[in-house]
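Before any comments, here is the structure.
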Amino acid sequence: MKNKIKKIIEKKSKSKIVCLTAYSKNIAQILDNHADIVLVGDSLGSVLYNYDTTRKVNLKMMIEHTKSVRMGIKKSLLVIDLPYKTYRNKSEALKNSKIALKETKCDAVKIEGGARVKEIVHHLVKNKIPVLGHIGITPQTVKGKFKSKGRSEIEKNKLIRDARALEDSGAFGIVLECVYSDISKKITNLINIPTIGIGASVNCDGQVLVTDDILGLTNAKIKFVKKYTNIKKVIKSAVLKFKKEVKSSKYPTKRYSY
Ligand code: KIV
């Protein structure tokens, strides 16, 4: 695991880092090896459970999904999102990270926040728990509408302080969510660990998106989401073929019968 993280850090400024989410084994198997990092994100709250906020996701749900994903991952680095209210202080964060790593055999945790969580990150790293940071829009703490970050000087300076705090605390990388391009560039150039952008421009060391979004499984209408295929069409076509064959008794033929 240490080696996998080292390789990811070494990619900085050399080769772009590919990160995608997975919530179950079958998708994970397809991503494995193509994605440097597979993230079991708490976005599963909205994508799978229709929650209006990731705050409703709990550790038990994260662990069950990550156990499933683990079965499909051999090569990629597997990261679990620590959900809301599971890392409010150092001891809570360590206790829950240990449970997550032990039960799921994942490689690292992701937590939201910058300077505010620097002591927690430091404590986890000191206790051999690799941490991926997450700043910019941090959905667990957002109140009201999501608003991209880094337009004003105050926001720019805060983002820089947050990124530096995470690097100093030992995080191996930082997700930048909905951060203006110029400040993404500045942060990426300032720190020695990789930045992984989501709506944070091409200036980051890597990119992450929600797999269900790129497959066209969700109806996400977010500026940064690019739909690479329309898997719903493929599924619908298979379902309709099955339906037709069942109705006309064409399925199952002898070949599919005992
Ligand atoms: O929850 C999630 O899936 C995430 C990524 C989209 C960065 O945090």
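Only heavy atoms go into these numbers, but all of them, side chains included; no hydrogens, no water, no symmetry mates. Whatever order the structure lists ligands and atoms in, that order sets their numbers, starting from 1.
- Residues Tyr51 and Val142 are members of separate hydrophobic clusters, defined by side-chain heavy-atom contacts under 4.5 angstrom among Ile, Leu, Val, Met, Phe, Trp and Tyr.
- Ring geometry, Tyr49 versus His65: the interplanar angle exceeds 60°, so the pair is classed perpendicular (tilted spans 30 to 60°).
- Criterion: ILVMFWY side-chain heavy atoms under 4.5 Å apart, direct or through other members. Under it, Ile235 and Ile27 are part of a common hydrophobic cluster.
- Between the Thr138 side chain and the Thr141 main chain, no donor and acceptor come within less than 3.5 Å of each other.
- Distance alone, capped at 3.5 Å, places no donor-acceptor pair between the Thr21 side chain and the Gly41 backbone.
- Within the 3.5 Å criterion, the main-chain N or O of Arg55 finds a donor-acceptor partner in the side chain of Thr53.
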Can you list every pair where an N/O of ligand 1 is under 3.5 Å from an N/O on the protein?
unit_1: ligand 1; atom_1: 1 (O); unit_2: Asp42; atom_2: N; d: 3.2
unit_1: ligand 1; atom_1: 1 (O); unit_2: Asp42; atom_2: OD1; d: 3.1
unit_1: ligand 1; atom_1: 1 (O); unit_2: Ser43; atom_2: N; d: 3.0
unit_1: ligand 1; atom_1: 1 (O); unit_2: Ser43; atom_2: OG; d: 3.3
unit_1: ligand 1; atom_1: 1 (O); unit_2: Asp81; atom_2: OD2; d: 3.1
unit_1: ligand 1; atom_1: 3 (O); unit_2: Ser43; atom_2: OG; d: 2.5
unit_1: ligand 1; atom_1: 8 (O); unit_2: Lys110; atom_2: NZ; d: 2.9

